[in-house]
Amino acid sequence: MNSPEQPLPTFDEVLLCTPQTSAEQVGLFLRRCLIPCQGGDKIYTMLYADELSYDVSCRAEELFQHLQCYNSSYRLVILCNCERENSYLPSAFSHYKVHMIPQRSQEDIQQYLQRHFRVAQPSCSAAAVFKKHMCVGIVSSKRAGMGK
């Protein structure tokens, strides 16, 4: 996000973890991150790593320790819910922990995302439903079950 032209992460750079995420999925992700290739300067991100099961987390840590020796310049970010930071994977990587404070204002971040999620005006797409022809939107309500 250092420049408005910088692209959003690609599908292979992000792993959205859930309790159903398998060890194989995490293994493939870590291999992409830690085995050097001609991919360039990608930043790999595991979201909600605290959601992984205990067995998957243990296998992920073992694989990370094994593969880490192949690449000393990897870029891996593991994001967790601060309320679950005592789960296995966040605890295992706690010595790498960095408390992050956003370096950009909320307005700058919103403008960057709007630039990348906007659909061209003349297009007939579902994006016409959202403000400013965005192809992504968040619908929320304080009242559950109201047809969102």
Side-chain angles (χ1 to χ4, degrees), residues 1-120 123 125-127 129-142 144 148:
M1 208 186 105
N2 289 330
S3 108
E5 305 305 318
Q6 218 171 5
L8 291 168
T10 58
F11 70 94
D12 66 327
E13 293 176 84
V14 179
L15 178 64
L16 180 60
C17 301
T18 68
Q20 291 75 38
T21 302
S22 69
E24 181 181 4
Q25 290 171 307
V26 175
L28 290 171
F29 179 78
L30 289 174
R31 283 181 179 84
R32 280 195 302 265
C33 174
L34 296 169
I35 296 177
C37 64
Q38 302 291 355
D41 295 330
K42 292 185 174 187
I43 300 174
Y44 293 89
T45 306
M46 288 179 71
L47 298 169
Y48 304 115
D50 53 294
E51 295 279 331
L52 295 173
S53 71
Y54 181 81
D55 292 338
V56 171
S57 295
C58 289
R59 291 177 63 188
E61 182 194 14
E62 288 173 14
L63 184 60
F64 176 83
Q65 297 300 335
H66 175 73
L67 294 176
Q68 187 181 15
C69 63
Y70 292 105
N71 186 358
S72 62
S73 63
Y74 64 89
R75 298 162 115 190
L76 174 62
V77 177
I78 300 175
L79 296 173
C80 303
N81 181 339
C82 64
E83 294 174 3
R84 293 180 40 99
E85 67 184 347
N86 292 326
S87 58
Y88 187 86
L89 210 56
S91 295
F93 288 90
S94 64
H95 55 284
Y96 297 108
K97 185 192 268 185
V98 175
H99 288 282
M100 177 71 181
I101 297 173
Q103 300 298 310
R104 304 281 183 179
S105 69
Q106 182 177 355
E107 184 177 301
D108 288 345
I109 294 170
Q110 287 173 338
Q111 286 176 356
Y112 173 81
L113 292 174
Q114 284 177 359
R115 176 181 175 82
H116 290 283
F117 287 126
R118 184 169 286 126
V119 174
S123 168
S125 87
V129 173
F130 293 111
K131 283 195 302 190
K132 300 179 184 174
H133 292 280
M134 295 291 128
C135 63
V136 174
I138 296 174
V139 178
S140 66
S141 172
K142 292 180 182 178
K148 293 179 285 302

Run the side-chain contact (heavy atoms from CB on, under 4.5 Å) test on V14 and M46 for me, step by step, so that the C-alpha distance in whole Å, both residues' side-chain angles and the decisive distance to 0.1 Å come before the verdict.
CA-CA 6 Å; V14 179; M46 288 179 71; over 6 Å; no
Donor-acceptor contact below 3.5 Å, side chain E13 vs main chain I43
yes
Residues forming a side chain to side chain donor-acceptor pair (under 3.5 Å) with N71, sequence neighbours excluded:
S73
Which donor-acceptor pairs under 3.5 Å do the side chains of residues 52-66 make with protein atoms, sequence neighbours left out?
{"unit_1": "S53", "atom_1": "OG", "unit_2": "V56", "atom_2": "N", "d": "3.3"}
{"unit_1": "S57", "atom_1": "OG", "unit_2": "S53", "atom_2": "O", "d": "2.9"}
{"unit_1": "E61", "atom_1": "OE1", "unit_2": "Y88", "atom_2": "OH", "d": "2.4"}

With a 4.5 Å cut-off on side-chain heavy atoms, are R32 and F29 touching?
yes
So, for C33 and R75, which heavy atoms are closest and what is the spacing to 0.1 Å?
SG-O, 3.9 Å
Taken to the nearest 0.5 Å, the spacing of L76 CG from T45 OG1 works out to 7.5 Å
Closer than 3.5 angstrom, by distance alone: can the side chain of R84 be matched with the main-chain N or O of D50 as a donor-acceptor pair?
yes
Any heavy-atom pair between the side chains of L67 and R31 that's under 4.5 Å?
yes
Which residues pass the side chain to side chain donor-acceptor pair (under 3.5 Å) test with Y74, not counting sequence neighbours?
Q68
OH/Y48: more than 12 non-hydrogen atoms of other groups inside 6.0 Å:
no
Mind checking the CD1-CG spacing from I78 to L15? Nearest 0.5 Å is all I need.
10.5 Å
Could you check if a side-chain atom of Y70 sits within less than 4.5 angstrom of a side-chain atom of L34, using non-hydrogen atoms only?
no
If every non-hydrogen atom of S87 is compared with every non-hydrogen atom of S91, which pair is closest and at what distance?
O-OG, 3.0 Å
Would you say E51 and N81 make side-chain contact, with heavy atoms under 4.5 Å?
no
Rounding to 0.5 Å, atoms CD (Q114) and CD (E107) come to a distance of 9.5 Å
